[in-house]
Amino acid sequence: MAGSALWFSLLLAAAFAGRATALWPWPQYIQTSEQRYTIFPYTFQFQYHVSSAAQVGCSVLDEAFQRYRDLLFGSVSFHFPQPMGKRHMSEKNSLVILVVTPGCDQFPSLESVENYTLTVNDEQCFLLSETVWGALRGLETFSQLVWRSPEGTFYINKTEIEDFPRFPHRGLLLDTSRHYLPLASILDTLDVMAYNKFNVFHWHLVDDSSFPYESFTFPNLTKKGSYNPATHIYTAQDVKKVIEYARLRGIRVLAEFDTPGHTLSWGPGVPGLLTPCYSGSHPSGTFGPVNPALNNTYEFMSTFFLEISSVFPDFYLHLGGDEVDFTCWKSNPDIQAFMKKKGFGEDFKKLESFYIQTLLDIVSAYGKGYVVWQEVFDNKVKVQPDTVIQIWREEMPVRYTKEMELVTSAGFRALLSAPWYLNHITYGPDWKNIYMVEPLAFEGSPEQKALVIGGEACMWGEYVDSTNLVPRLWPRAGAVAERLWSNKMLTNLDFAYKRLAHFRCELLRRGVQAQPLSVGYCDVEFEQT
Amino acid sequence: MEHRGLGWPRLPRLLEVLAALAVQAVRASAIAAASPDLSLWPMPLSVQTTPRVLHLSPDNFFFGHSSTSKAGPSCSLLQEAFRRYYDYIFGFYKWHHGSADLRVGVELQQLQVSVVLEPECDTFPKISSDESYTLLVKGPVASLTANRVWGVLRGLETFSQLIYQDFYGTFTVNESNIVDSPRFPHRGILIDTSRHFLSIKSIFKTLDAMAFNKFNVLHWHIVDDPSFPYQSITFPGLSEKGSYSSSHVYTPNDVRMVIEYARLRGIRIVPEFDSPGHTQSWGEGQKDLLTPCYNGKDPSGAFGPINPIWNTTYSFLSKFFKEISTVFPDEFIHLGGDEVDFDCWASNPEIQDFMRNKGFGRNFKKLESFYMQMVLDMISAINKSSIVWQEVFDDASKLMPGTVIQVWKVEDYTREQSKVTEAGFPVILSAPWYLDWISYGQDWKKYYAVDPLSFEGSQEQKKLVIGGEACLWGEYVDATNLTPRLWPRASAVGERLWSHKDVRGLEDAYRRLTIHRCRMLRRGIAAEPVFTGYCDHEDRM
């Protein structure tokens, strides 16, 4: 890094140049001044540079240009001040985009480069990026730099930005099992994620409560496991739509099919899959986790995950593995016999390991990588070295910082979620605690720290559905977004508050029902329908 | 002092209402026998249902006036309510089902409404308004009988909650007999439009949801330190300079619309103009109203509470409250009086002199009381009654009888209730119901478990509790999160204040509340989920 002193002086300079304080998340390097240029909505265009690898016809950018044009000028297009008199230097008619590497039709990946530089000065208004994904991030920044005077004129200040993410995995988890979320809620969330430079949508599709994912191999899963098989489901078409909508915004879709626990809703559609619990010597009528003692189970999983691997294009799948309750397994005589046969003794962690290992082998045979919850690591399941471990437990069995240390010292890549369970709510400005989390604040070597690929804000659904999702997510998740994107030295809460409050108003202007941070108002308020 | 038109003389009438309720309450045990499918919220005093079902057809059902009713089609309050409830019952579905096929059984063709006494169609609801009703559901004509239109409104809500769609989508209702009246006459929701502005559309939505929960008071905390959105006719500078912006104001027409919208739903609007503290935003538009704070011998440039020593203060307030008393028809005005910070007063040399002259010593509570007494007298002189926050009682040596005390401090609130009622003042309880204090999980249970009369005191003291209010302060709430934060959490308070005190089973409440929440959702209220689960049709919300 170019030295913290320099960086801070730039930061101060930016704070002075008022308008730039609207940026969220804050770029890595920024220099901006009071000198400003007028933008005329009538004539303004996004243009591909002649030597850009992406040109007209690049779906990702063509559509982004349209979106950002609407976001910038859309709602007010009928009363723009007309450009008057002759054109001069202090006017910008276009943002020129140059993408170095082709790749408009690919999916973003963990390795995607999101760097960009944005230059607005007398000579040019120019966005340079390695990939289309970087261009998307730069367009978002550009849209946040444009401001409007009380008279209605659009301006952009002279600015130089060089930006890149601190972590490559910046995710948001939605839970569509505890409560079904209409497709529109998911798509809207993807929009706001892009505004915050999030790049992973972790879709916790199914769980105990319901199975809304419509499987074409096993249609009974949804028919019998969804809240309502006609309305509360995601069809193959819905899933495609989500994946493409996300792709166009540079967002990966990480699908989670959590097993062997959290699977009650799978049971009705696949008889024999779940473990029958026993009360003494008789089945009690209730069911536990997936039955790991049956070959049928693995045959089912093999077929099911073949489908999942083809439906979800991302290299990674999330296989869950959290909170496996052993009491039901313990009660079942068939499982007891299986344990004896395998020589597991009374150690049900070994049974869990057996299940997970078999599953991981299945999934890796399909050429997929995987993410699992920390229990898989805690219970000493032997996993492949490139497994990603997601850390979610705040205090148990150890504090999450300790867990980060353990996971990375074992050589695994880590994903942090523990301090970012946004479904947990408290009175007051809790975004500050969310913001002040430092993902690398654990004991460990630089090599260990390098294994932290990012983090995720989680919005579990026990108490959340489309009625309260948006205000509960935004702008609180924004605090996570900046922590994962921006420089680690950005820890000044006042500076963050000013920008986040401004950004929240910008979200309202863009039609997002983001809740207030504190007392105050926005020029454009949310309009009750 | 003349005891005219104020809270005190009205109190006995109020007590009669409460006593009548106590008699009826004996019948509440019938609730236990109610059908498990019933999802009434709040639970009526007495419900008898039978397994015999009636069917309704959207094309053939109507609300009508009984020939013996004192109200007829000229009562627009009822006509509007008929249209609303027709829509609540059939509206959401009728496009999907058209006219239902009534295969078997008896059809319910009409709900005949009968108002027994002078209906009060064109008046405003009052604290003493009679909200009781009886509802007899049988075919082909059901009847809803009430003394006044207010009872009809409550009965229509209950009627609409009785109707469900059977397995084939047919609108169905069980033959039932319901006798109902509220436990407390003051059942309020507080909204705060100063910390964040709420558009009147948001307020309308809130009033809709209040009616679904049989709330009858909107306590409108309209101004406070951060902003002054109320556009005063007499002092337009207050909102011109004290509002967040010129689009963040309530014009006189806005206020009229809110009052009328509320009236049509049997809801009173109680405006609060909190003083002498919480008034920073007043200072912008009204020079020389707030106390200049001193830093040693010089004014610091900051301002404190309203200056209680100048005559100009009282002549301003007198004109201001005269306007308020004509704009807001309710008998009550809320005068605030909470959290007065004495530091600024103490720093000001003029106030120090005044204290000396009055013989107040260093006791600023006496100065606070002096101020409040002046304002209370003012309100009584314009024939209105006052509600104040508990500090006014706590800090006063003597207080005008009949002043209603709102208990809000959560520490020892039952003791405060004992003290206030022992001194003979009516009480509104809010302390356990600050809904802006959010936490993870099902906190509605906590609100539901509260009993407003669980304090030590005589029967007479208990009778002084006129009700309660769920408060949603606005520090972290605006139009983006108001509705899901209020509902269905406030519903827990709604039932506590309406239903018999023995209605408190959590399991049954959970079951009914979950269904009630889906019902609100269907009616366009974005009420948040109680817990994991789903509602029909939410996929289209």
Side-chain angles (χ1 to χ4, degrees), chain A residues 175 177-185 207-210 212 226-228 230-234 421-431 460-472 474-475 504 507-508 512-529, chain B residues 192 194-206 224-227 229 243-245 247-248 434-443 473-485 487-488 517 520-521 524-541:
Chain A
D175 168 3
S177 174
R178 269 63 172 238
H179 285 99
Y180 177 80
L181 293 172
L183 195 64
S185 289
D207 206 293
D208 284 332
S209 320
S210 76
S226 68
Y227 282 136
N228 180 330
T231 56
H232 290 59
I233 58 168
Y234 303 106
Y421 267 37
L422 301 191
N423 52 311
H424 289 151
I425 51 169
T426 53
Y427 180 76
D430 61 352
W431 69 271
W460 294 100
E462 283 85 347
Y463 301 101
V464 177
D465 70 4
S466 61
T467 61
N468 56 358
L469 172 72
V470 181
R472 197 159 289 194
W474 312 109
R504 180 254 166 177
L507 290 180
L508 285 190
V512 181
Q513 196 176 340
Q515 72 179 8
L517 291 174
S518 175
V519 172
Y521 72 103
C522 298
D523 290 331
V524 180
E525 300 279 9
F526 172 71
E527 197 51 61
Q528 179 81 51
T529 49
Chain B
D192 168 2
S194 174
R195 269 69 175 230
H196 285 100
F197 181 80
L198 296 171
S199 72
I200 59 168
K201 265 191 186 169
S202 292
I203 297 177
F204 290 163
K205 271 271 188 238
T206 305
D224 204 298
D225 285 330
S227 77
S243 70
Y244 281 136
S245 85
S247 62
H248 292 83
Y434 267 38
L435 302 194
D436 53 319
W437 288 87
I438 50 170
S439 59
Y440 183 72
Q442 298 192 45
D443 54 1
W473 294 99
E475 281 86 350
Y476 301 100
V477 178
D478 71 1
T480 62
N481 55 2
L482 170 77
T483 304
R485 196 155 288 191
W487 310 107
R517 178 256 166 174
M520 287 196 275
L521 208 59
I525 305 297
E528 69 178 16
V530 182
F531 188 51
T532 302
Y534 72 108
C535 302
D536 296 325
H537 304 102
E538 69 188 348
D539 55 306
R540 264 166 255 157
M541 296 297 293

(message) Determine whether a donor-acceptor pair (N or O, by modelled atom type, separation under 3.5 Å) exists between the side chain of Arg504(A) and the backbone of Ala514(A).
(response) yes
(request) Answer with side chain, backbone, both or neither: which region of Asp436(B) has an atom nearer than 4.5 Å to a non-hydrogen atom of chain A? (result) both
(request) Check each atom of Val464(A) against the heavy atoms of chain B and say whether the ones under 4.5 Å are side chain, backbone, both or neither. (result) backbone
(message) At a heavy-atom distance under 4.5 Å, which candidate from Gly441(B), Ser227(B), Ser194(B), Gly474(B) has the highest pair count against chain A?
(response) Gly441(B)
(message) Using a 3.5 Å distance criterion without hydrogens, assess whether the side chain of Tyr244(B) forms a donor-acceptor pair with backbone atoms of Arg195(B).
(response) yes
(request) Heavy-atom pairs under 4.5 Å with chain B are the metric here; pick the option from Asn228(A), Asp523(A), Leu508(A), Asn423(A) that has the most. (result) Asn423(A)
(request) For the residue pair Val477(B) and His196(B), establish whether any side-chain heavy-atom pair is separated by less than 4.5 Å. (result) no
(request) State whether Glu528(B) and Arg485(B) are salt-bridged, where the test is any N-O pair (Lys NZ or Arg NE/NH1/NH2 against Asp/Glu carboxylate O) under 4.0 Å. (result) no
(request) Heavy-atom distances under 4.5 Å only: say whether Lys201(B) touches chain A with side chain, backbone, both or neither. (result) both
(message) What I want to find out is whether Arg517(B) reaches Asp465(A) closely enough, with some N-O distance under 4.0 Å, to be called a salt bridge.
(response) yes
(message) Is Gln515(A) in contact with chain B via its backbone, its side chain, both, or neither, using a 4.5 Å heavy-atom distance?
(response) both
(request) Measure Ala184(A) against the heavy atoms of chain B and call it side chain, backbone, both or neither at under 4.5 Å. (result) neither
(message) Under 4.5 Å from any heavy atom of chain A, what part of Ser202(B) do you find: side chain, backbone, both or neither?
(response) both
(request) State whether the side chain of Thr480(B) and the backbone N or O of Gln513(A) hold a donor-acceptor pair below 3.5 Å, judged by distance alone. (result) no
